[in-house]
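Below: one structure, written as structure tokens.
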Amino acid sequence: MDTTDSPPATAATTPLGATAPPMPAAVLRLLRTAGFVSNFDRFCITPMVMLIGAQLGAPLPTVMLAASGYFLAYGLMQPVWGLASDRLGRVRVMRLSLAGAAVAALASVLAPDPAVLIVARVAAGAFFAASIAASITYVGDTVPAAVRQRPLSELMTAFALGTAVATVIAGALAHYVSWRLVFALPGLIAAYLTVALRRLPEPPREASGALLAPFRVVLRSRWQWYVMAVAMLEGAVLLGFLTYVAPALEAQGASATLAGAVSALYGVGSMAAAQIVKRLVGRWTPVWLIVAGGAQMLVAFGLAAASTSVPALVGCALLLGGGWSFMHSTIQSWATLLSPTARATGVAMFGLALYVGSALASALAAQPAEHHAYRAMFLTAALLTLPLTVAAAVGRARYRS
């Protein structure tokens, strides 16, 4: 594979060639909040699917369409928002998408039946899809490549916090109050950010030329296709099967609160590991970070395949969070290097692959989950972790070698 379309790993420039200034703390806080609310909204449904199904009179596969449809819309809208970001600006796109997300959240709160809920959640996924990719792209525009993984790890910590808070609060609120209130929370935060992001300075960017020019830049890169393939497998293995940790517990009689608390440990593991990754950047090569992440994921799914007891799934959730921080942040940083003149579109295509893989795995696993075949499902995930780790590590080792 050629590497002529890749910038030097130590480049410290913006797309316009100027020296990249340090990222102000206030800017990073806003980006972290945008990523936090996006992940909160994406993961809050996981510990609630059984309760929602019972209250709306729908079977688990039907309610899971709200989750898998969300993931699919989230993925499919990545290139749309990426293209819009390259043409209109990162901040403008974040504000526009968050305004739409607030409306979709309100529709989720008011949904009278499963069909309306599914449509509302698909719309929410489509709008919230812009936040994380735009935040990552903003870092790529303003932080030197040699140290870019550090602020990206800060973002990953916020994303993980959103996951952890979502699963804990969702399970508790759904059990003791109402699942509708859970969908209202990210809507309120999204509405706040629509206003607050006016303070975020727009980074300079190159003129994108013709409407589809960024896609031509991105899709000419063979490395872009390779990383997208890795991202699709990663989304299927990790995000797709992660959705079933809470249902696996609830199938054994655990409450939504307990299931949500165990699922939240994924975020705890991710936050703890992100702090370690920040210290290891520059000491460990990207390849070793990927291998360490893959090893944690393999052990995690191995535990769940051996037993779906509370202790086993606690270990599974913690290790999956660690695997995400080690592997995904490294691959994500790699993705920001591939197409610097169309960075938002490149990152968005990466996200498209990630979430399409997640949606496909989540949907395909719904029927086995309906029959409580969770251990076989997690064994499949463990087996798929091996080719994922090898492909990511070998590709990253060969990149610019």
Side-chain angles (χ1 to χ4, degrees), residues 29-49 51-52 55-56 63 65-78 80-81 84 91-135 155 158-200 243 256 260 263-264 267 351 355:
R29 278 196 298 272
L30 285 172
L31 295 178
R32 291 175 66 180
T33 303
F36 169 91
V37 71
S38 179
N39 258 19
F40 183 105
D41 192 72
R42 183 150 49 97
F43 284 98
C44 67
I45 196 172
T46 303
M48 303 193 300
V49 290
L51 278 173
I52 292 174
Q55 292 186 17
L56 295 182
V63 180
L65 287 175
S68 57
Y70 187 109
F71 292 146
L72 185 60
Y74 199 102
L76 292 176
M77 284 299 292
Q78 294 292 316
V80 176
W81 290 121
V91 179
R92 185 178 299 176
V93 161
M94 276 195 282
R95 294 185 65 206
L96 175 65
S97 63
L98 286 166
V103 175
L106 176 62
S108 301
V109 172
L110 301 176
D113 54 51
V116 174
L117 179 64
I118 291 169
V119 171
R121 297 314 295 157
V122 168
F127 282 111
F128 272 116
S131 297
I132 288 180
S135 299
L155 290 183
F159 303 164
L161 181 62
T163 302
V165 172
T167 47
V168 170
I169 288 181
L173 286 181
H175 184 73
Y176 294 109
V177 186
S178 171
W179 55 266
R180 298 180 187 276
L181 180 59
V182 176
F183 292 134
L185 296 177
L188 293 173
I189 298 174
Y192 159 75
L193 284 172
T194 301
V195 178
L197 283 170
R198 291 184 303 175
R199 303 195 301 269
L200 198 66
T243 308
S263 295
Y355 295 114

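Values below: all heavy atoms of this structure, side chains included; hydrogens, waters and symmetry mates excluded.
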Is there a donor-acceptor pair under 3.5 Å between the side chain of R95 and the backbone N or O of R92?
no
Measure the shortest side-chain to side-chain distance between S135 and R32 over non-hydrogen atoms and say whether it is less than 4.5 angstrom.
no
Taking distance alone, no hydrogens or angles, what donor-acceptor pairs closer than 3.5 Å link side-chain atoms of residues 109-124 to residues at least two apart or in another chain?
{"unit_1": "D113", "atom_1": "OD1", "unit_2": "A115", "atom_2": "N", "d": "3.2"}
{"unit_1": "D113", "atom_1": "OD1", "unit_2": "V116", "atom_2": "N", "d": "2.9"}
{"unit_1": "R121", "atom_1": "NH1", "unit_2": "S108", "atom_2": "OG", "d": "3.1"}
{"unit_1": "R121", "atom_1": "NH2", "unit_2": "D41", "atom_2": "O", "d": "3.2"}
{"unit_1": "R121", "atom_1": "NH2", "unit_2": "D41", "atom_2": "OD1", "d": "3.2"}
{"unit_1": "R121", "atom_1": "NH2", "unit_2": "D41", "atom_2": "OD2", "d": "2.9"}

The reported gap from OH in Y70 to CD1 in I45 (rounded to nearest 0.5 angstrom) is 9.5 Å
Closest non-hydrogen atom pair between R198 and T194, with its separation:
CG-O, 4.4 Å
So how far is it from L106 CG to L188 CG, rounded to the nearest 0.5 Å?
9.5 Å
As an exercise, state the distance from CG of L173 to CH2 of W179, rounded to the nearest 0.5 Å.
13.5 Å
Is the closest side-chain heavy-atom distance between L30 and M94 below 4.5 Å?
no
Within the 4.5 Å heavy-atom criterion, are V63 and L56 side-chain neighbours or not?
no
Here the pair of heavy atoms bringing L76 nearest to V80 is O-CG2, 4.2 Å
Measure the CE-CZ distance between M77 and F128 for me, rounded to the nearest 0.5 Å.
13.5 Å
Roughly how far, to the nearest 0.5 Å, is the CG atom of L185 from the SG atom of C44?
8.5 Å
Is it the case that the side chain of S38 and the backbone of A34 share a donor-acceptor pair, with hydrogens and angles ignored and the cut-off at 3.5 Å?
no
Could you tell me which non-hydrogen atom of V91 sits nearest to which non-hydrogen atom of L197, and how far apart they are?
CG1-O, 3.4 Å
May I ask you to test the F40-I189 pair for a side-chain heavy-atom distance under 4.5 Å?
no
Under the side-chain hydrogen bond (donor to acceptor under 3.5 Å, both in side chains) test, which residues partner W81, sequence neighbours left out?
none
Just wondering, do F36 and V165 contact through their side chains at under 4.5 Å, heavy atoms?
yes
